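Data first, discussion second: the structure below is written as structure tokens.
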Amino acid sequence: AAKRSQAGSQVYTPSFDAGSQESLSLLGELRRAVENGELRLFLQPKVDLRNGAVISAEALVRWEHPQRGLVPPMQFIPFAEQTGFIRSLTAWVLEASADAWERAQARGQALRISVNLSTRDLLDQDLPLKIGAILKARAAPPQALCLEITESAIMDDPQRALMTLEHLNAMGFKLSIDDFGTGYSSLAYLKRLPVDELKIDKSFVMAMESDLDDAKIVRSTIELAHNLGLSVVAEGLETAKTWKLLAALGCDEGQGYYIAKPMPEAQFMQWLANWRP
Ligand code: C2E
Ligand code: CA
Ligand code: CA
Ligand code: CA
């Protein structure tokens, strides 16, 4: 399952036969990547759409492969999920995010970091304790982190997901439903989830300027979220016009290339110091 990327370098595709030679070697490579410090934490800001204030940042992982260069998450996250390696990867992302929070704090910058959790993470009974320990080691409050869970990960096993989410909520973590609108969750379920935030999937946001149906979906999702007492984040905010449209619809926060792309921590802190909305 290897193919040529546009740049001509070898990249892995997410489809693997479990147990195949190639899949075993990728798993070995991923293990080594964590041991050798080849993973990189990128940060992308989320801003308040009324005034541009930076409220938090999403942690997005990349793999700096010694031969293949910067490998995007879609080329190894699905594989990590299939093999169960995602638990080690998530642990790494949580540690790196807590470190980044601590360094921002030391510079007087309050910054909540959003971490993506996968289906497998939600099935890990020990996850809440692990996260608690990572924060405790840095004297960080639960509000330092927000946990993003995709709608489809929740719907994989709604009962178990609900239990884990309730546990995480009781510990004081902010919880967010990611990729909302793509995972067929029932509204009855949504009502029961102890979440604080809903992220509208970028496919709707990116199309809302040109497609009236997408604009309607965005508008009704914002209404739905607000009626349920949730704050709404629009991802995939790529133009000034989309910012205006979203603000007019009452959307709380935005994230997207128009504001900034995901960046390494040092670059992010520099961007933050110069950011004038
Ligand atoms: P996601 O959680 O939905 O993250 C948002 C993705 O949209 C990111 O892609 C981000 O770079 C991209 N994006 C942000 N703004 C814009 C925009 O204005 N336009 C467009 N076209 N794209 C935008 P990225 O970093 O490639 O990550 C892809 C996916 O990989 C993430 O989607 C998430 O599902 C997964 N992922 C990334 N890091 C992690 C991680 O640490 N753990 C887990 N479990 N999954 C991760
Ligand atoms: Ca996310
Ligand atoms: Ca909560
Ligand atoms: Ca998303």
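Owing to the predicted nature of the structure, the values given are computational and were not obtained by experimental measurement. Excluded from the calculations below are hydrogen atoms, water molecules and symmetry mates; all remaining heavy atoms, backbone and side chain alike, are included. The chain is numbered in sequence order, starting from 1. Whatever order the structure lists them in is the order used to number ligands and atoms, beginning at 1.
- Looking only at atom types and distance, the side chain of Q255 has no donor-acceptor partner in the side chain of K202 under 3.5 Å away.
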So what's ligand 1 close to, N/O to N/O, under 3.5 Å?
residue: ligand 1; atom: 2 (O); partner: E58; partner atom: OE2; Å: 3.2
residue: ligand 1; atom: 2 (O); partner: N116; partner atom: OD1; Å: 3.1
residue: ligand 1; atom: 2 (O); partner: D178; partner atom: OD2; Å: 3.1
residue: ligand 1; atom: 3 (O); partner: D179; partner atom: OD1; Å: 3.3
residue: ligand 1; atom: 7 (O); partner: K202; partner atom: NZ; Å: 3.1
residue: ligand 1; atom: 15 (N); partner: Q44; partner atom: NE2; Å: 3.1
residue: ligand 1; atom: 18 (O); partner: Y257; partner atom: N; Å: 2.8
residue: ligand 1; atom: 19 (N); partner: E238; partner atom: OE2; Å: 2.5
residue: ligand 1; atom: 21 (N); partner: E238; partner atom: OE2; Å: 3.2
residue: ligand 1; atom: 22 (N); partner: Y257; partner atom: OH; Å: 3.3
residue: ligand 1; atom: 25 (O); partner: R62; partner atom: NH1; Å: 2.9
residue: ligand 1; atom: 25 (O); partner: R62; partner atom: NH2; Å: 2.8
residue: ligand 1; atom: 38 (N); partner: V61; partner atom: N; Å: 3.2

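- Take a cut-off of 3.0 Å around the Ca ion (ligand 2): the protein N, O or S atoms inside it are E58 OE2, N116 OD1, E148 OE1, D178 OD2.
- Scanning for salt bridge (Lys or Arg N to Asp or Glu O under 4.0 Å) contacts around D48 gives R50, with sequence neighbours left out.
- Counting only distance, with no hydrogens or angles, the side chain of N36 and the backbone of E38 share no donor-acceptor pair below 3.5 Å.
- Inter-residue side-chain proximity for T242 and M206 is flagged as unmet; no heavy-atom pair is nearer than 4.5 Å.
- Pairs of residues two or more places apart, or lying in two chains, that qualify as salt bridge (Lys or Arg N to Asp or Glu O under 4.0 Å) and include a residue from residues 74-101 are E95-R138, D99-R138.
- Here the closest heavy-atom approach between residue A104 and residue L111 is recorded as CB-CB, 4.3 Å.
- Between the side chain of D214 and the backbone N or O of S210, no donor-acceptor pair lies under 3.5 Å.
- The closest side-chain donor-acceptor pair between E58 and S114, if any, does not fall under 3.5 angstrom.
- Summarising the geometry of S118 relative to I86, their closest heavy-atom pair is OG-CG1, 3.4 Å, with the distance given to 0.1 Å.
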